[in-house]
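Worth saying up front: this structure is predicted, and the values here are computed from it rather than measured.
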Amino acid sequence: MQNLSFPIQFVFKISTLSNDFTATDASGQTVAYVKQKLFKLKEDISIYSNEQKTELLYKIKADRWIDFSAAYSITTRDGKELGKIARKGWASIWKAKYDIIDQHQQLQYKITEENGWVKVMDSLLGEIPILGILTGYLFNPSYVVLDKSNQIIARLKKEPSFFGRKFSIDK
């Protein structure tokens, strides 16, 4: 996945039971098809080069089945570890926080939710009949990726949608 043109759009398939989505670049080219295996205690995600799943690029696997403080190992198709994404358990109660760690176990980036109130309001209103179906339009969390000097290098944002299944990444 070299030379990506931003923004990258993620569109989840709502017609399937699994958590799968297509990632396209600014020109509309598919850069990845992501599929999560169903009914697994530990998350198991495969990233392919296209929707036909002809070429496996990467695997992401959780290190535990309760993901409160899980770490997700990222490997190439031949099993070489590229790094991990680790959730900061208690620190993520208010705002989600993750560390991106390289293959040498060194912190490279941090991911943090920009506004904790969005998650709170989405959770509260999501439980109210009829209003709950509108939260996909009203509350759209965003996350920033920070480098070692705390400079923002990318932003992941949920796009307004009826089922809340569209996201974009801007550099």
Side-chain angles (χ1 to χ4, degrees), residues 1-4 6-25 29-114 116 119 122-123 141-148 152-159 161 163-171:
M1 283 197 231
Q2 301 296 324
N3 303 321
L4 297 173
F6 289 84
I8 305 295
Q9 301 289 325
F10 298 148
V11 178
F12 283 78
K13 304 235 182 257
I14 58 174
S15 60
T16 65
L17 294 175
S18 61
N19 246 348
D20 54 341
F21 64 89
T22 304
T24 55
D25 67 8
Q29 290 282 86
T30 297
V31 294
Y33 176 73
V34 180
K35 183 164 183 67
Q36 181 178 5
K37 288 188 179 176
L38 287 177
F39 309 115
K40 294 285 240 174
L41 290 178
K42 290 184 187 179
E43 291 188 65
D44 188 357
I45 300 164
S46 299
I47 302 171
Y48 299 93
S49 62
N50 56 43
E51 289 187 60
Q52 291 75 35
K53 300 183 272 185
T54 55
E55 180 186 11
L56 177 67
L57 300 174
Y58 307 102
K59 296 283 288 178
I60 301 173
K61 290 188 177 193
D63 67 345
R64 61 192 80 180
W65 63 275
I66 298 176
D67 74 352
F68 186 66
S69 293
Y72 302 88
S73 178
I74 304 166
T75 59
T76 61
R77 68 178 144 228
D78 58 356
K80 178 183 173 196
E81 185 173 295
L82 299 174
K84 295 180 180 171
I85 298 175
R87 182 168 183 197
K88 306 297 273 174
W90 286 106
S92 292
I93 297 277
W94 171 245
K95 288 170 41 170
K97 295 181 182 184
Y98 298 86
D99 288 339
I100 299 177
I101 302 162
D102 68 11
Q103 69 272 24
H104 306 293
Q105 307 306 312
Q106 299 297 311
L107 176 67
Q108 296 300 310
Y109 304 100
K110 296 177 187 176
I111 301 172
T112 185
E113 189 171 7
E114 287 193 286
K119 178 174 33 176
D122 187 35
S123 296
S142 60
Y143 305 83
V144 291
V145 179
L146 305 166
D147 64 13
K148 290 180 181 178
I152 296 174
I153 61 166
R155 177 172 280 113
L156 170 69
K157 184 170 181 16
K158 181 176 163 265
E159 301 293 334
S161 62
F163 292 107
R165 309 295 279 169
K166 294 180 183 179
F167 294 81
S168 65
I169 295 179
D170 286 303
K171 200 170 182 183

N/O donor-acceptor pair under 3.5 Å between Glu113 side chain and Lys95 backbone:
no
side-chain contact (heavy atoms from CB on, under 4.5 Å) filter on Ile100, not counting sequence neighbours, yields Ile85, Tyr109, Ile111
Which residues satisfy the side-chain contact (heavy atoms from CB on, under 4.5 Å) test with Lys148, sequence neighbours excluded?
Gln108
Only counting residues at least two apart or in another chain, list the ones meeting side-chain contact (heavy atoms from CB on, under 4.5 Å) with Asp99.
Lys88, Ile101, Leu107, Lys110
I'd like to know if the side chain of Gln9 pairs up with that of Thr24 as donor and acceptor (distance under 3.5 Å, no hydrogens or angles considered).
no
Taking the side chain as C-beta and beyond, is there a heavy-atom pair between Glu43 and Tyr72 under 4.5 Å?
yes
Evaluation steps, side chain to side chain contact (heavy atoms under 4.5 Å, CB included), between Tyr58 and Thr75
CA-CA 6 Å; Tyr58 307 102; Thr75 59; over 6 Å; no
Between CG on residue Asp20 and CD1 on residue Ile45, distance to nearest 0.5 Å
11.5 Å
Between Leu56 and Ile47 the two heavy atoms that sit nearest each other are CD1-O, 3.6 Å
Set of residues satisfying side chain to side chain donor-acceptor pair (under 3.5 Å) with respect to Ser142, sequence neighbours excluded:
Glu114
Could you state the interatomic distance from OG (Ser168) to CD (Glu159), rounded to the nearest 0.5 Å?
3.5 Å
Does Asp44 have any salt bridge (charged side-chain N to carboxylate O under 4.0 Å, His left out) partners at least two apart in sequence or in another chain, and if so, which?
Lys37, Lys59
Kindly indicate whether the side chain of Val145, heavy atoms from C-beta on, has any atom under 4.5 Å from the side chain of Ile152.
no
Can you list everything that forms a salt bridge (charged side-chain N to carboxylate O under 4.0 Å, His left out) with Glu81? Sequence neighbours excluded, please.
none
Taking only residues two or more places apart in sequence, or in another chain, which ones meet Lys53 in a side-chain contact (heavy atoms from CB on, under 4.5 Å)?
Tyr33, Lys35, Tyr48
Please lay out, stage by stage, how Ile153 and Leu146 fare under the test side chain to side chain contact (heavy atoms under 4.5 Å, CB included).
CA-CA 6 Å; Ile153 61 166; Leu146 305 166; over 6 Å; no
Could you tell me which residues satisfy ring pair (Phe, Tyr, Trp, His ring centres under 6.0 Å) with Phe21, sequence neighbours excluded, listed by chain and number?
Phe10, Phe12
For the residue pair Asp170 and Pro7, what are the closest heavy atoms and their distance?
OD1-CB, 3.0 Å
So do the side chains of Arg87 and Ser69 get within less than 4.5 Å of each other, counting heavy atoms only?
no
Can you list the residues that meet the side chain to side chain donor-acceptor pair (under 3.5 Å) rule with Asp63, with sequence neighbours excluded?
none
Should the heavy atoms of other residues, nucleotides or ligands under 6.0 Å from NZ of Lys157 be counted, would the total exceed 12?
yes
Does any part of the side chain of Ser49, heavy atoms only, come nearer than 4.5 Å to the side chain of Thr54, both counted from C-beta?
yes
Across all chains, not counting sequence neighbours, the side chain to side chain donor-acceptor pair (under 3.5 Å) partners of Thr76 are Asp78
